[in-house]
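Below is one structure, written out as structure tokens; the observations come after it.
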Protein chains: 2
Amino acid sequence: MPPRRLTATAVENDRTGSETLTLVDTAYRDLRRDIIGGVFAPGQPLRLEVLRARYGLSFSPLREALNRLQSERLVQSAPLRGFSVAPFSAAQMWDAVETRVLVECEALRRAIAAGDDAWEARIVAAFHALNLKTKRLATRTTPPTAEEAQEIETSHYEFHRALIDVCGSPRLLDLADKLYAETERYRQPTLTGRTPKGTPRDVALEHREIMDATLAREEARAIELLAAHYRRTATLVEASLDAK
Amino acid sequence: MPPRRLTATAVENDRTGSETLTLVDTAYRDLRRDIIGGVFAPGQPLRLEVLRARYGLSFSPLREALNRLQSERLVQSAPLRGFSVAPFSAAQMWDAVETRVLVECEALRRAIAAGDDAWEARIVAAFHALNLKTKRLATRTTPPTAEEAQEIETSHYEFHRALIDVCGSPRLLDLADKLYAETERYRQPTLTGRTPKGTPRDVALEHREIMDATLAREEARAIELLAAHYRRTATLVEASLDAK
DNA sequence: AAGATTGATTCTTTCGAAAATCCTTCTAGC
DNA sequence: GCTAGAAGGATTTTCGAAAGAATCAATCTT
């Protein structure tokens, strides 16, 4: 039997049907998910042989995917020494967070100036979807499955994205996505651990206030709240980083 | 005679001696230079076979280099349809310019707050180096060679980089570099063409004013001048884009 | 004549192996 | 005992070819 080569369409079009994905794309997507999800520890070398076995791909698509991830600062590389997961450091996290604040606040400013009815509707919808999922999990006693965690994750992303989606700048949105991934990687470890004592936090309330200020077109207030939201998260992450 | 394979060190260490560059690195550097320099026209497909012949490399390093350039928006790619030089459009240029203004103004703000004596010295030195080179060329009648143009280019970059180098944020500096490359590509065609009539411009004076405000730590004024500097360039580029 | 189908060609994408380099360990010399 | 150097193994990087997909043109059908 001739060995069937894994091809772009053979792998992906089964499910999507619409978009053609190359193996580079799938490698990129999977690697990104696993790095953000903490499957590979920060600083850990990413041996090509290991990745090859894990994802069932050849070197070429893996290397290309790693190159893309490098430009997002999720992986590092030294010439002739291969790739490794970007290490954790408080300084790097703060740089990512502050850059994110700069980018997303500017994007929010423009979105507030340009947003229409559909924009408002999408924000409200995303907010409710996120809240529903969060509450549904909070009332249960069993810990969330990986899939459920991923869903919350996505809803969280959708909400923040809905705020700025109409800002009109492809570059700002692209940057926001990359910085989201970077900071999310730092947030991940704190999700499983307990919250630091003495700092109760109502994330849902923070989201509501951001949404209210945005829909009321109170630009200055919305920006201030959004920045505070991200910095508060960063402070908590930093505390849990130090605790280790 | 066994064919000697082109290796990283064999190619580059002859000159640099210090750093090891892989073929991917050289491919990236050369392609980037040629795309910015306008060797390949905007929108032009980048056939791998052509690149292979031009740079004397195999597919793998070329593809990886193109992947990196894609994340800088210098090249585009569609699945199974290969790579092409990012096309020109006024909207894209303005997005790049406005993002650059956002990033560099923030970086300049921080640099002014953090800059020390060495920072000031480097700015002054870069300013003089740029001015010397520009004046030397202006007094001549013969048009500048490609090498001289490249030197001016580099000096120009050095000056703007010197302003913000101490801002303390790797991400902002990285973004500034990428956006510089992107906008430089648009500026390139206007260099050879004549300047639009009726708009005499003293770039050297603009640079001096930016430098003076920066060294005087007049944050608001420095930022305003820098932003105006970039937007003025963009306006001229736009005019020459429309002219075609 | 317009549209669909087939076939040839061009190009991208993927693979696996070979070459080059790095890293560890072992040996020899002092 | 300790350092320098060399051999061996592990890993990355590069190559060339093979496979798959898109494009273009010609033919056939309606």
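Letters A, B, ... are given to chains in the order of the sequence lines, protein chains preceding strands, and every chain is numbered from 1.
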Worksheet item: Could you give the CG-to-C1' distance, from B/Leu80 to D/dA19, as a whole number of Å?
Response: 12 Å
Worksheet entry | Between D/dT13 (P) and B/Asp25 (CG): distance, integer Å | 9 Å
Worksheet item: Would you say A/Asp117 has more than 12 foreign heavy atoms packed within less than 6.0 Å of its CG?
Response: no
Worksheet item: Between D/dG16 and B/Arg52, is there an OP1 or OP2 to side-chain N/O distance shorter than 4.0 Å?
Response: yes
Fill in: Min side-chain heavy-atom separation A/Arg47-A/Leu51 under 4.5 Å
no
Worksheet item: Tell me: CG of B/Leu57 to C1' of D/dT13, nearest whole Å?
Response: 12 Å
Discussion item. Please compare A/Pro79 and A/Pro61 by the position of their nearest nucleotide in DNA chain C and report the one closer to 5'.
Written reply: A/Pro61
Fill in: Gap between atoms CG and P, on A/Leu23 and D/dA21 respectively (whole Å)
10 Å
Discussion item. Any side-chain N or O of B/Arg47 below 4.0 angstrom from OP1/OP2 of C/dT12?
Written reply: yes
Worksheet, complete the sentence: Assign each of B/Arg81 and B/Ser58 the nucleotide of DNA chain D bearing its closest heavy atom; nearer the 5' end lies the nucleotide of B/Ser58
Fill in: Check ion pair B/Lys133-B/Glu148 (N to O, under 4.0 angstrom)
no
Practice prompt. Nearest-nucleotide wise, let me know which of A/Val24 and A/Phe59 is further upstream toward the 5' end of DNA chain C.
Written response: A/Val24
Item to complete: Would you mind reading off the distance between B/Glu49 atom CD and D/dA17 atom P, rounded to a whole angstrom?
Response: 11 Å
Fill in: Residue pairs fulfilling side-chain hydrogen bond (donor to acceptor under 3.5 Å, both in side chains) with at least one residue in residues 80-91 of chain B, sequence neighbours excluded
none
Worksheet item: Once you round it to whole Å, what is the distance between C1' of C/dT21 and CG of A/Leu48?
Response: 14 Å
Practice prompt. Measure from CG on B/Leu21 to P on C/dC22 and round the result to the nearest Å.
Written response: 12 Å
Worksheet item: Quick one: B/Phe83 CZ to C/dT10 P, roughly how many Å, whole number?
Response: 22 Å
Practice prompt. Name the nucleic acid region contacted by B/Leu46, choosing base, sugar-phosphate or nothing; use a 4.0 angstrom heavy-atom cut-off, strictly under.
Written response: sugar-phosphate
Worksheet item: Given D/dT13, is OP1 or OP2 found less than 4.0 Å from the side-chain N or O atoms of A/Arg63?
Response: yes
Item to complete: Decide whether A/Asp34 and A/Tyr55 meet the rule of one side-chain donor and one side-chain acceptor closer than 3.5 Å.
Response: yes
